[in-house]
Amino acid sequence: MSEIEFALDGLYAAGWWPLEGDPCLQAECDRRWYPTIDSIQASLDAIGIHVRIERPAEGHPISILWSSVKYGCERITARSEDAAWLMVYSHLYPAIQAAERGLSQPSSVSAPA
């Protein structure tokens, strides 16, 4: 399985599905659709997540990092930029969906009843 196929599996497992009019690309490996890097960045910006990209001199692998009080501090590293962005988006997709619906992200600790 290629890295992009792995990233696409994660994206679709997170619940993402392309909507008519979404800016998307189609993977060469299996023809599945996925959001453009620009649309991913716009979604992250909309919920206040600003990323930093690290590329070694040779260009591979690429790391995308973010730090946020609300969404934590993470680093995702992949061989290709598309795969890295898809993994970031898959990881944060539930938070993006909750923010778009005006909901807060569920916490892992429940308040006593």
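In this chain, residues are counted from 1 in sequence order. Just so you know, these numbers come straight off a predicted model, no measurement behind them.
- Interatomic distance, CG of Leu8 versus CE of Met87, reported as 9.5 Å (0.5 Å rounding).
- Between the CG atom in Leu11 and the OH atom in Tyr93 there is a gap of 8.0 Å [rounded to 0.5 Å].
- If you chain together hydrophobic residues whose side chains sit under 4.5 Å apart, Trp17 and Tyr89 fall into the same group.
- Residue pairs that meet the salt bridge (charged side-chain N to carboxylate O under 4.0 Å, His left out) test with at least one member in residues 11-22, sequence neighbours left out, do not exist here.
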Could you pull out every donor-acceptor pair under 3.5 Å between side chains of residues 32-40 and any protein atom, sequence neighbours left out?
from	atom 1	to	atom 2	distance (Å)
Arg32	NE	Asp30	OD2	2.7
Arg32	NH1	Asp9	OD1	2.9
Arg32	NH2	Glu5	O	3.4
Arg32	NH2	Asp9	OD1	3.0
Arg32	NH2	Asp30	OD2	2.8
Tyr34	OH	Asp82	OD2	3.1
Thr36	OG1	Ser39	N	3.1
Thr36	OG1	Ser39	OG	3.2
Ser39	OG	Thr36	N	3.2
Ser39	OG	Thr36	O	2.9

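- With hydrophobic clusters built from ILVMFWY side chains whose heavy atoms lie under 4.5 angstrom apart, Val69 does not share a cluster with Ile49.
- The shortest heavy-atom contact between Ala78 and Pro61 is O-CB, 3.1 Å.
- Applying the 6.0 Å contact sphere to OH of Tyr12 captures more than 12 heavy atoms from other residues, nucleotides or ligands.
- To the nearest 0.5 Å, atom SG of residue Cys29 and atom CD of residue Glu3 are 11.0 Å apart.
- Taking CD1 of Ile47 as the reference point, atom NZ of Lys70 lies at 7.5 Å (rounded to 0.5 Å).
- The list of side-chain hydrogen bond (donor to acceptor under 3.5 Å, both in side chains) pairs with a residue in residues 42-51, not counting sequence neighbours, reads Asp45-His50.
- In this structure, CZ on Arg52 lies 12.0 Å from CD1 on Ile64, to the nearest 0.5 angstrom.
- Ring geometry for Trp66 versus His91: interplanar angle of 30 to 60°, hence tilted.
- Using a 4.5 Å cut-off on side-chain heavy atoms (C-beta onward), Leu86 and Trp16 make no contact.
- Between Ala84 and Ile76, the shortest heavy-atom contact is O-CG2, 4.1 Å.
- The two residues Cys24 and Pro18 have their closest heavy-atom pair at SG-CB, 4.0 Å.
- Atom OH of residue Tyr71 and atom CG of residue Leu44 lie 10.0 Å apart, to the nearest 0.5 angstrom.
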